[in-house]
Amino acid sequence: MSEEKSLNFIEEIIENDLNAGKYKTLITRFPPEPNGYLHIGHAKAICLNFGLTKKYGGYTNLRFDDTNPVTEKTEYVDSQQEDIKWLGFQWENELYTSDYFDTLYDYAVKLITDGLAYVDNGTAEEIAVLKGTPTELGKDSPYRNRSPKENLELFALMKSGSLEDGSCILRAKIDMLSTNMLMRDPIIYRIKHASHHRTGDKWCIYPMYDFAHGQSDSIETITHSICTLEYVSHRELYDWFIEKLGIFPSKQYEFARLNLSYTVMSKRKLLQLVNDGVVIGWDDPRMPTISGLRRRGYTPESIREFCERIGIAKRENIIELSLLEFCVREHLNKIATRVMAVLDPIKLVITNYPEGVEEILIGENNPEAEDKGGTREIPFSNELWIEREDFMEEPAKKWFRLAPGAVVRLKHAYIVKCEGFEIGSNGHVTQINCSYIPESKSGEDTSGINVKGTIHWVSSKHAKTAEIRTYDRLFTVESPDAEEGDFKDYLNPNSMEVITKAYIEPYLLNADQDGRYQFIRKGYYTLDKTSSAGNLIFNRTVSLKDAWAKTNK
RNA sequence: UGCCCGAUAGUAUAAAGGUAGUACAACGGUUUUUGGUACCGUUUGUCUAGGUUCGAAUCCUGGUCGGGCAACCA
């Protein structure tokens, strides 16, 4: 019975390394730049890195890659930490690339001393021209052969603060003829007179990504440095610095980043949606950010399950949104409390049920739970709200719900028969009249009647109200990035629909922020973070599957 | 006109030279006091042309297609 799950390519590498005794302890890291909010794509990387050390032992560091002071903020550091914790992961060490600025500076000095780096006084444009193009080789800079002594003095001058931004840079001396553009004497330090969110004004020169990332990995003795595919060509440089510096040989491995259909994933584009007011913030429930998904009602478990299912490979991919929805439904089905809410109400009067009489019915909270999630009390009376879409004047084929003469069960209550309906001045149905069958009460039904349909309801006298926000995909096309023109041309104008006054059963007055609810036959809902006792606001996490809507299409 | 990645059902992801499997989606059915859940079933696949081999998704060669590479971003 080998029901073993197959390994992804990174797990294979790790198992081989571990079996070969190459490393004693597996150490990975998650290295976000604190310049924005984390999204579901980061969740994939988080689950990968933390998941690996969970599986094989060892640990994972959280390292903020903060080498560019102008884009980074403490606000982002905080939100990123919150999101990782919420996902259910705990890092071993909280670290910052800026912690290594002194060491990195020393590394640069060593390179200069060894004749492997030089200060270039060319302008950005001059340097770019000499760099060549992917199909044209580069040419040496006129400053390339300065002596180590001169370079050392110049680099110290850069650090001293007396030089202006852009006046010169430090470059590694590698090979202007390399077919890999990154090896054509890459810039490793630039002057930036900017205040850093952690080091303040201590520095006015900052290392570039390539001169910081591998070394930081090395300092932390990261054994497997996992990143996304766009860094493949950086690996040669990554290895070069480690070799020339003679430091711990961390190894870089690349996997394909996550793309989700009907959304965008780049921080730049997400930021644009926020700035342009398309969404109400980074945590708008329509956003693919961790905070957006959290506000929407997604659970950490469902996101982890999703990341598990999408797999790790090197092929570009677009995951269908339906898989994410499947994962959250699967979890919510197990944990959500079932309740009744009527979103688009129409009145139903039970003509043979005494007016003024109230009855307390008992409903189980979750048929999927072992203990059925306990029970709750649901008030019943002769006047109810039901869903407008549950009544058809002229029933369609295979219609199991209310229609003239039709019989349905009111969930947790009685079987009723539609005896008639009333039409208002606007031509719309305003009221449905039914008779009920007293001996058909839920749990003690002796009527012997079988009905095909069961509908939800709320007693109008006891109903409370709430605002309900229904969300849909943010874009109308699968891959907004791939379409012609601006990605915002493909925004879904109906991505959010607000129902200001829906009727909910009184039990929901006790709803709490962490609660997950299934509005029976409608979907899964959770309280919005702006909800208050006097003004309840529910977000729809995801709808229930709707076989009827499908057959009816 | 270069270099580097990659290519398996609609979408993902397995099969380490030996039966192409799994999940989601789609479709059909059973059960059901949620047209939900659960359960059962069906459809659909190795980019292409050669080569090696008893045997190729897998190894080799050419081609095609997709992605990346010319920020003082990460």
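Chain letters run A, B, ... following the sequence lines, proteins first, then strands; residues in each count from 1. Computed over heavy atoms, backbone and side chain alike; hydrogens, waters and symmetry mates excluded.
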Residue closer to the 5' end of RNA chain B, A:Lys397 versus A:Asp210 (nearest nucleotide) = A:Lys397
When A:Leu7 and A:His213 are each assigned the nearest nucleotide of RNA chain B, the 5'-most assignment goes to A:Leu7
Tell me what [X] touches on the nucleic acid: a base, only sugar-phosphate, or nothing, going by heavy atoms under 4.0 Å.
| X | result |
| --- | --- |
| A:Pro32 | nothing |
| A:Glu320 | base |
| A:Ile455 | nothing |

Could you tell me whether A:Glu220 and A:Arg63 have a side-chain N and a carboxylate O separated by less than 4.0 Å?
->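 Salt bridge: yes.
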Charged N to carboxylate O below 4.0 Å: is that the case for A:Glu230 and A:Arg257?
->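 Yes, A:Glu230 and A:Arg257 are salt-bridged.
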Tell me which nucleotide among [options] gets nearest to the side chain of [X].
| X | options | answer |
| --- | --- | --- |
| A:Lys545 | B:rC24, B:rG35, B:rU37 | B:rU37 |
| A:Arg401 | B:rG35, B:rA14, B:rC24 | B:rG35 |
| A:Lys314 | B:rA12, B:rC5, B:rU34 | B:rC5 |

Does a donor on one side chain and an acceptor on the other come within less than 3.5 Å for [X] and [Y]?
| X | Y | value |
| --- | --- | --- |
| A:Tyr524 | A:Gln518 | yes |
| A:Glu236 | A:Asn180 | yes |
| A:Thr299 | A:His331 | yes |

Keeping to residues at least two apart or across chains, list the ring-ring contact (aromatic ring centres under 6.0 Å, His included) pairs with something in residues 157-192 of chain A.
-> A:Phe155-A:Tyr189, A:Tyr189-A:Phe211
Residue pairs, two or more places apart or on separate chains, that pass ring-ring contact (aromatic ring centres under 6.0 Å, His included) and touch residues 125-144 of chain A |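 Residue pairs passing ring-ring contact (aromatic ring centres under 6.0 Å, His included), neighbours aside: none found.
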With respect to the phosphate group of [N], does any side-chain polar atom (N or O) of [X] fall under 4.0 Å of OP1 or OP2?
| X | N | value |
| --- | --- | --- |
| A:Lys452 | B:rU32 | no |
| A:Thr67 | B:rA74 | yes |
| A:Arg190 | B:rC73 | yes |
| A:Lys522 | B:rG36 | no |
| A:Arg315 | B:rU8 | yes |
| A:Lys550 | B:rA26 | yes |

In whole angstroms, the gap separating P of B:rU22 from CZ of A:Arg309 amounts to 14 Å
For the pair made of CH2 in A:Trp548 and C1' in B:rU32, what is the distance, rounded to whole Å?
-> 18 Å
Taking the same atom, C1', in B:rG63 and in B:rA7, what whole-Å distance lies between them?
->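 Roughly 14 Å separates the two C1' atoms.
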Say you pick atom C1' in B:rA56 and the same atom in B:rU46; how far apart are they, in whole Å?
-> 11 Å
Report the secondary structure of RNA chain B in dot-bracket form, marking unpaired bases with a dot and bases paired to a different strand with |, and treating Watson-Crick or G-U pairs with both distances under 3.5 Å as paired.
-> .((((((..((((....[..)))).(((((.......)))))....(((((..]....))))))))))).....
